[in-house]
Amino acid sequence: MQIKSIGIIMDGNRRWAKENGLPRVEGHKKGADTLEKIARAVFEQGVEHMAVYAFSTENWKRSKEEVDALLKLIKFFIEKRLLKGFGDNVRFRFVGDLSLFDSPLQETIKKAEKINPKAKHSLWIALSYGARAEMLDAARASARGDAPQSEEDFKKLLWSADLPDFDLIIRTGGKKRLSNFFPWQSAYAELFFTDTLWPDFSERELLQIFNEFQNTKRNFGK
Ligand code: IPE
Ligand code: IPE
Ligand code: MG
């Protein structure tokens, strides 16, 4: 069965830096390299949608130094990697409370969202994203308008309205939790947890996971 949509919780950058005797930011930089490599591999497999957790609502609680370094890296990554090196086949979508970012980063995001609107593949980047904040926002929108009468109508109120259900979710870094990651799309996703730290995650391991997914019978409650 063709895998259409996947989610990735890219965890373990700081532990990778520590294990390699490097400053934290080097772990995040290596993590950005891994993201580029894995996105290419995922799209090569024909997957249409890949959503990655890059910065959560709760990550704002990290030290100012780390948050600043992460946001600087994210801006650099969008400008130098996404806008330059991905070709015409991939569209970029950003999901989260983007209003919390400074205007240069907001401008960079807007620029990236405009390119390749008809591309076959979409890379969704959760930035300043948290499911609870998303739900609260949807509840507020609902209270301002007519109450949604169907699941489909409710989904339209989510920040992630256009993101399809995940076939599978991968979390690297050894923790077995979702950390506020897209609950709507996760409802019937197969969950894969690996101890590999995100900067070390390889195409080989990705393909092993895809293989295992193919051997899983999905019931959807039936
Ligand atoms: C994931 O790695 C990247 C972000 C959350 C931005 P971490 O920074 O959480 O690294 P660990 O999990 O502490 O090793
Ligand atoms: C999840 O990782 C968020 C991202 C990968 C951006 P965290 O490291 O923030 O999650 P917790 O704190 O281990 O749950
Ligand atoms: Mg972590």
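Heavy-atom basis, side chains included; hydrogens, waters and symmetry copies ignored. Just so we're clear, the structure is a prediction, and the values are computed from it rather than from any experiment.
- Panel note: side chain Q149, backbone A147; a donor-acceptor pair is recorded below 3.5 Å.
- Atoms CG and OG1, from L197 and T34 in turn, are 10.5 Å apart once rounded to the nearest 0.5 Å.
- The minimum heavy-atom distance between S186 and F182, with the atom names listed, is OG-O, 2.5 Å.
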Q) Stepwise, does the side chain to side chain contact (heavy atoms under 4.5 Å, CB included) test hold for I170 with I209? A) CA-CA 8 Å; I170 301 168; I209 290 172; 4.0 Å; yes
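- We find that K110 and E113 are not joined by a salt bridge, their nearest charged nitrogen and carboxylate oxygen being 4.0 Å or further apart.
- Using a 4.5 Å heavy-atom threshold, the side chains of N180 and E58 count as touching.
- Nearest heavy-atom pair, L158 versus A138, reported as atom, atom and distance to 0.1 Å: CD2-CB, 3.9 Å.
- Distance OH/Y53 to OG/S179: 6.5 Å, rounded to 0.5 Å.
- Hydrophobic clustering (side-chain heavy atoms under 4.5 Å, transitive across Ile, Leu, Val, Met, Phe, Trp, Tyr) groups V42 together with W198.
- No more than 12 heavy atoms of other residues, nucleotides or ligands sit less than 6.0 Å from atom CG of D146.
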**Q.** Steps toward side chain to side chain contact (heavy atoms under 4.5 Å, CB included) verdict (L82, I125)
**A.** CA-CA 11 Å; L82 297 191; I125 301 177; 3.6 Å; yes
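- Taken together through direct or relayed side-chain contacts under 4.5 Å among Ile, Leu, Val, Met, Phe, Trp and Tyr, L178 and I8 form parts of separate hydrophobic clusters.
- When atom types are taken as modelled, the side chain of Q214 and the backbone of M1 share a donor-acceptor pair closer than 3.5 angstrom.
- Classification of D162 and R93 as a salt-bridged pair holds, one side-chain N sitting under 4.0 Å from a carboxylate O.
- Although no hydrogens or angles enter the test, the distance criterion places no donor-acceptor pair under 3.5 Å between the side chain of W159 and the main chain of E134.
- Between the E36 side chain and the R81 main chain, no donor and acceptor come within less than 3.5 Å of each other.
- A heavy-atom distance below 4.5 Å is not found between the side chains of F92 and I109.
- Using modelled atom types, no side-chain atom of S122 and backbone atom of W124 make a donor-acceptor pair closer than 3.5 Å.
- The closest side-chain heavy-atom distance from Y188 to D165 is not below 4.5 Å.
- A pairwise comparison of heavy atoms in W60 and T57 identifies CD1-O, 3.2 Å as the closest pair.
- Residue Q2 places its CD atom among more than 12 non-hydrogen atoms of other residues, nucleotides or ligands, all under 6.0 Å distant.
- At a threshold of 4.5 Å between non-hydrogen side-chain atoms, the residues E151 and W184 count as touching.
- By the neighbour-count criterion of 12 heavy atoms within 6.0 Å, atom CZ of R218 is densely surrounded, having more than that number from other residues, nucleotides or ligands.
- Atom CG of N219 sits in a crowded spot, with more than 12 heavy atoms from other residues, nucleotides or ligands closer than 6.0 Å.
- Atoms CZ and CG, from F213 and D167 in turn, are 4.5 Å apart once rounded to the nearest 0.5 Å.
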Q: Could you give me the CA-CA distance, side-chain angles and deciding distance for I169 and Q185, then say whether side chain to side chain contact (heavy atoms under 4.5 Å, CB included) is met?
A: CA-CA 10 Å; I169 293 172; Q185 290 80 1; over 6 Å; no
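- Checked against salt bridge (charged side-chain N to carboxylate O under 4.0 Å, His left out), D68 has the following partners two or more places apart in sequence or in another chain: K64.
- In this structure a side-chain-to-backbone donor-acceptor pair under 3.5 Å is present from T172 to D11.
- In this structure, F76 is not a member of the same hydrophobic cluster as I78, with clusters built from ILVMFWY side-chain heavy atoms closer than 4.5 Å.
- Interatomic distance, M50 CE to L123 CG, rounded to the nearest 0.5 Å: 5.5 Å.
- With rounding to the nearest 0.5 angstrom, the NE2 atom of H28 is 9.0 Å from the CD1 atom of I74.
- In this structure, L83 CG and K111 NZ are separated by 6.0 Å, a value rounded to the nearest 0.5 Å.
- Here the two rings, on F166 and F181, have centers that are under 6.0 Å apart.
- Side chain of N20 to main chain of W16: a donor-acceptor pair is present (N/O by atom type, distance under 3.5 Å, no hydrogens or angles).
- Between V95 and Y129, the closest heavy-atom pair is O-CB, 3.5 Å.
- Transitive grouping of hydrophobic side chains (ILVMFWY, heavy atoms separated by less than 4.5 Å) brings V90 and L35 into a common cluster.
- The backbone N or O of Q106 sits nowhere less than 3.5 Å from a side-chain atom of S103 that would complete a donor-acceptor pair.
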(Q) One pair to check against salt bridge (Lys or Arg N to Asp or Glu O under 4.0 Å): R14 and E66. What are the steps and the verdict? (A) CA-CA 10 Å; R14 297 182 297 187; E66 187 174 353; 3.1 Å; yes
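- The closest donor-acceptor contact from the side chain of N89 to the backbone of A119 lies at 3.5 Å or more, if one exists at all.
- Taking the centre and axis of the six-membered ring of F86, the NZ or CZ atom of R40 falls inside the cone set by 45° and 6.0 Å.
- Across every non-hydrogen atom of R177 and F193, the tightest pair is N-CE2, 3.7 Å.
- Here the closest non-hydrogen pair linking A41 and L206 is CB-CD2, 3.9 Å.
- A salt bridge links K29 to E26: at least one charged side-chain nitrogen sits closer than 4.0 Å to a carboxylate oxygen.
- The existence of a salt bridge linking K30 and D33 is excluded, since no basic side-chain nitrogen approaches an acidic carboxylate oxygen closer than 4.0 Å.
- Side-chain N or O atoms of K176 include none that pairs as donor or acceptor with a backbone N or O of R171 at under 3.5 Å.
- I9 and F192 fall into different hydrophobic clusters, defined by Ile, Leu, Val, Met, Phe, Trp and Tyr side-chain heavy atoms under 4.5 Å apart, directly or through other members.
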**Q.** Chi angles and distances behind the side chain to side chain contact (heavy atoms under 4.5 Å, CB included) call for R140, L157
**A.** CA-CA 9 Å; R140 286 200 187 109; L157 302 176; over 6 Å; no
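- Other residues, nucleotides and ligands place no more than 12 heavy atoms under 6.0 Å from the NZ atom of K4.
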